[in-house]
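Note on naming: letters A, B, ... go to the chains in the order of the sequence lines (proteins, then strands), and numbering restarts at 1 for each one. Nothing here was measured: the structure is a model prediction, and the numbers come from that model.
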Number of protein chains: 2
Amino acid sequence: MTPVPAKRPLGGTRVRGTRQAEALSAVLGGLPGFCSAQQIHAELRQRGEHIGLTTVYRHLQVLSEDGQVDTIRDASGETLYRRCGSNAHHHHLICRTCGTSVEVEGRAVERWAEQVAAEAGFTAVDHTVELFGLCPGCSSASA
Amino acid sequence: MTPVPAKRPLGGTRVRGTRQAEALSAVLGGLPGFCSAQQIHAELRQRGEHIGLTTVYRHLQVLSEDGQVDTIRDASGETLYRRCGSNAHHHHLICRTCGTSVEVEGRAVERWAEQVAAEAGFTAVDHTVELFGLCPGCSSASA
DNA sequence: ATATCTGCAAAGACTTTGCAACCTT
DNA sequence: AAGGTTGCAAAGTCTTTGCAGATAT
């Protein structure tokens, strides 16, 4: 699958010396929470970057395969992307009003998942865990 | 949202005395795990039931709103449906090979979710938890 | 008899793919 | 100069909606 040329500097965030790639990276870094490819594309356009939607999709796909961005699916089926800080396994606590997300560790969940799976005789278990709620700001705003 | 006429018998599984609705209900009851609307539609056709894909989608939508079927999304974005046994909150342990699913209780996860959310100051927290793995049968078959 | 349900076809949304032109190395 | 990258347009999915005909109560 991945020949892994390993020629990449890995120092900065650049994927390849392309203007579009850098712009995308910049936007991703500034996002507070999960956004759809189309939102990201719109944001890039607003910044004056002439980038195609196709290119945004392609980069996001590569980045997600590389583990540099996390992806989740919202209720309507759209895929949402977010630059993830830690490369370790983690989950997200997402504000359903403003979209801000917090990365949370889930050792307890991992353990629970493995235990439940073992009890049912399942192996090679993977899991999906996402938390949605109201962040402090939005919570007080709606109070 | 739901005026809740509550005129429905609620005894059987019938939604309304329609042949298609009953057929759909029957198929749902016999499914071992989560299936897409299109798979269910194909299954109905194979049984000789002449039912439209549109009707399948509409019934599944209503049933899911009523809490009679659970829905999840697979990796490709398709929505999968399954008649859920308990009406209480629960999660699923799904075999990624044969699709068989087991309903599991997640008191531990619920507690973890609330605790993590509270620590971050989030309120009104909801969560999504799905476990994917290999069931005993598929596990030994591939060994 | 009437309100509901059904289903075909068309529309809508998100995402992927083809291919020529462009840019980076 | 060579190869990867870009982007427009078209295609592909899954899902929803419009409307006329059929159906259940």
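Residue Thr79(B) places at least one side-chain N or O closer than 4.0 Å to OP1 or OP2 of dT15(D). Phosphate contact (OP1/OP2 of dG7(C), side-chain N/O of Gln20(B), threshold under 4.0 Å): present. Proximity of His59(A) to the phosphate of dT6(D): a side-chain N or O atom is located under 4.0 Å from OP1 or OP2. At least one side-chain nitrogen or oxygen of Tyr57(B) sits closer than 4.0 Å to the OP1 or OP2 atom of dT15(D). Neither OP1 nor OP2 of dT15(C) sits under 4.0 Å from any side-chain N or O of Gln61(A).
With rounding to whole Å, Asp74(A) atom CG is found 11 Å from dC14(C) atom C1'. Atom CG of Leu53(B) and atom P of dC14(D) are 10 Å apart (whole Å). Here dT15(D) presents its P atom at 7 Å from CZ of Arg73(B), a figure rounded to the nearest Å. Rounded to an integer number of Å, the gap from Glu49(A) CD to dG7(D) C1' is 15 Å. In this structure, the CZ atom of Arg45(B) is 12 Å from the C1' atom of dT6(C), given to the nearest Å. If you measure from atom CD of Gln38(B) to atom C1' of dT13(D), you get 8 Å, rounded to the nearest angstrom. Spacing between atom CG of Leu80(B) and atom P of dT13(D) amounts to 17 Å, rounded to whole angstrom units. Summarising the geometry, the separation between CD on Gln39(A) and P on dC14(C) is reported as 10 Å, rounded to the nearest angstrom.
When each of dT15(C), dC14(D), dG7(D) is scored by its nearest atom to the side-chain atoms of Ile51(A), the top-ranked nucleotide is dG7(D). The Thr55(B) side chain lies nearest to dG7(C) when the options are dG7(C), dT6(D), dC14(C). When distances run from any side-chain atom of Thr18(B) to the nucleotides dT15(C), dT6(D), dC5(C), the shortest one goes to dC5(C). Distances were taken from every side-chain heavy atom of Arg58(A) (C-beta onward) to each of dT15(D), dG7(D), dT15(C); the shortest belongs to dG7(D).
Electrostatic pairing of Arg82(B) and Glu103(B) counts as a salt bridge here, judged by a charged N lying under 4.0 Å from a carboxylate O. With respect to the salt-bridge test (charged N to carboxylate O, under 4.0 angstrom), the residues Arg47(B) and Glu49(B) do not qualify.
Evaluation of atom-type donor-acceptor distances gives a pair under 3.5 Å for the side chain of Thr54(B) against the base of dC8(C).
At distances below 3.5 Å, not a single donor-acceptor pair connects side-chain atoms of Arg83(B) with backbone N or O atoms of Gln68(B).
Residues His91(B) and Glu110(B) bring a donor and an acceptor atom of their side chains to less than 3.5 Å of each other.
Within a 6.0 Å sphere centred on CD of Glu65(A), other residues, nucleotides and ligands contribute more than 12 heavy atoms.
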